[in-house]
Amino acid sequence: MSPVANALIRPIPDTFDRALVRHGRPSIDVGLARAQHDSYRTHLEAAGYEIQEVPTDPAYPDCVFIEDTAVILGSTAVITRPGALSRRGETGPVAVGLREHLALVEIEAPGTIDGGDVFILNDVVYAGRSERTNEEGIDQLRSAAMAQGLELVTVGVYDALHLKSVVLPVDHETIVVTPQAVDEAALVGLHLVYEADSERHRFSALPLRDGRVLVTASAQVTASALEALGYDVDPIDVSQMQMADGGLTCMSILF
Ligand code: CIR
């Protein structure tokens, strides 16, 4: 089992149907979203995580996507400065939840970072340069990473909201990548598995501490490819969060 044992989550607010979306205006069913979020919570509990809930806030329709508000680097939580103006106020209550466990560092203006643009594998912090995360934010994250003995690699994101919309680690060396969505040269040394073309932008994954990999039920071809490689995949339907451009990593902060 991984030593990561805590999961910070934030329930769906009543205003979730007004969450930010990149394209169009999908009709999100808030009740169904809540049921799907409950199922997500149950999967985390079954894998052995201690759940800590940050109160939801209807002033922030996107607050369920708690991952974007903090990045855990060793013993430090980097409190982000989200790229979307409407999400800036989400960080305060998350910082309160994290400060009882970890030292805090804050990203300062003009830097912006969304946690969905960051993952860490083998002492390397991969940071996506995206529509939400800018160069100043990445520079500040690099300083925090170096203080923890980690190096940072910047990855250009071309066709996605966040790095983790299109690059999903499934273990310490393997990532599932959406073709032609990021600068793959920055991912050298990692084992790449490609998302099926027929499921473009539908796959998401979250490796759990019990060794299973939670995967989106909407990407069965990609999930089957992982299963064939020996991964123990656990499908979950999060269609309503996907309508709001969310995936599986974004609904928790694991530490
Ligand atoms: C947003 O546009 O900010 C939200 N609707 C979706 C955020 C998803 N976050 C993530 O994948 N880390």
Side-chain angles (χ1 to χ4, degrees), residues 7-30 33-34 36-37 40 44 54 56-72 77-91 94 107 112-120 125-134 137-138 141 155 157 159-170 175-178 181-182 195 200-207 214-216 218-219 236 238-255:
L8 214 61
I9 64 170
R10 204 164 183 185
I12 305 264
D14 289 342
T15 52
F16 183 58
D17 55 348
R18 282 181 253 148
L20 294 175
V21 289
R22 289 180 88 213
H23 305 295
R25 175 42 62 194
S27 54
I28 293 172
D29 180 331
V30 179
R34 285 212 169 99
Q36 293 177 344
H37 192 255
Y40 179 80
L44 293 184
V54 174
T56 195
D57 185 342
Y60 298 101
D62 286 290
C63 68
V64 63
F65 301 124
I66 190 169
E67 165 184 66
D68 292 319
T69 60
V71 174
I72 310 298
V78 177
I79 304 302
T80 66
R81 186 166 174 271
L85 263 179
S86 67
R87 301 197 59 192
R88 293 265 160 88
E90 291 178 26
T91 55
V94 179
I107 299 294
T112 61
I113 292 203
D114 278 11
D117 275 317
V118 184
F119 66 84
I120 303 162
V125 178
Y126 293 87
R129 196 192 314 99
S130 71
E131 50 195 71
R132 297 286 176 83
T133 293
N134 66 17
I138 291 175
L141 185 67
V155 187
V157 178
D159 177 25
L161 175 63
H162 289 133
L163 180 62
K164 278 187 285 185
S165 311
V166 284
V167 179
L168 278 308
V170 289
I175 50 178
V176 178
V177 179
T178 303
V182 292
E195 181 183 46
R200 191 171 177 83
H201 294 308
R202 297 221 302 265
F203 178 81
S204 183
L206 179 66
L214 205 55
V215 295
T216 39
S218 57
I236 180 172
V238 288
S239 60
Q240 303 309 292
M241 285 59 130
Q242 287 183 293
M243 281 185 188
D245 298 330
L248 292 175
T249 63
C250 57
M251 292 182 280
S252 56
I253 298 172
L254 305 181
F255 61 98

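Remember, it's 1-based here, ligands and their atoms both numbered in the order they're listed. Each residue takes its place number in the sequence, starting with 1.
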| task | Just let me know how Arg87 lines up against ligand 1, side chain, backbone, both or neither, with a heavy-atom cut-off below 4.0 Å. | result | side chain
| note | For Gly116, the ligand 1 atoms with a heavy-atom partner under 4.0 Å come out as 12 (N)
| query | Can you find a pair of side-chain heavy atoms, one from Val94 and one from Arg10, that are under 4.5 Å apart? | reply | yes
| query | What residue and heavy atom of the protein are closest to atom 9 (N) of ligand 1, and at what distance? | reply | Asp68 OD2, 2.8 Å
| query | So do Glu90 and Pro82 actually touch side chain to side chain, heavy atoms under 4.5 Å? | reply | no
| message | Under the rule for side chain to side chain donor-acceptor pair (under 3.5 Å), what residues qualify as partners of Arg22, not counting sequence neighbours? | response | Glu131
| query | Which of these passes side-chain contact (heavy atoms from CB on, under 4.5 Å) with Val64: His37, Arg34, Gln240? | reply | His37
| With Pro61, which of Ile12, Thr15, Asp14, Val30 fulfils side-chain contact (heavy atoms from CB on, under 4.5 Å)? | Thr15
| said: Once you restrict to heavy atoms under 4.0 Å, what part of Asp114 touches ligand 1? Side chain, backbone, both or neither. | reply: neither
| message | Within the structure, is a non-hydrogen atom of His162 found at a distance of less than 4.0 Å from ligand 1? | response | yes
| task | Just need the protein heavy atom nearest to atom 10 (C) of ligand 1, so name the residue and atom and give the distance. | result | Cys250 CB, 3.0 Å
| So which heavy atom in the protein is nearest atom 12 (N) of ligand 1, and how far is it from that ligand atom? | Glu67 OE1, 2.7 Å
| query | Got the closest protein heavy atom to atom 4 (C) of ligand 1, with its distance? | reply | Asp62 OD1, 3.1 Å
| field | Heteroatom distance test (Gly115, ligand 1): nitrogen or oxygen, under 3.5 angstrom | value | no
| message | Under 3.5 Å, is there a donor on one side chain and an acceptor on the other for Glu67 and Thr249? | response | yes
| remark: When distances are taken from atom 2 (O) of ligand 1, the protein heavy atom at minimum range is Arg132 NH2, 2.9 Å
| His201 versus Asp159, side-chain donor and acceptor atoms under 3.5 Å | yes
| said: If the contact criterion is a heavy-atom separation under 4.0 Å, does Ala244 count as touching ligand 1? | reply: yes
| query | Can you list the residues that meet the salt bridge (charged side-chain N to carboxylate O under 4.0 Å, His left out) rule with Arg132, with sequence neighbours excluded? | reply | Asp114
| remark: Quick note on ligand 1: atoms under 4.0 Å from a heavy atom of Asp245 include exactly 6 (C), 8 (C)
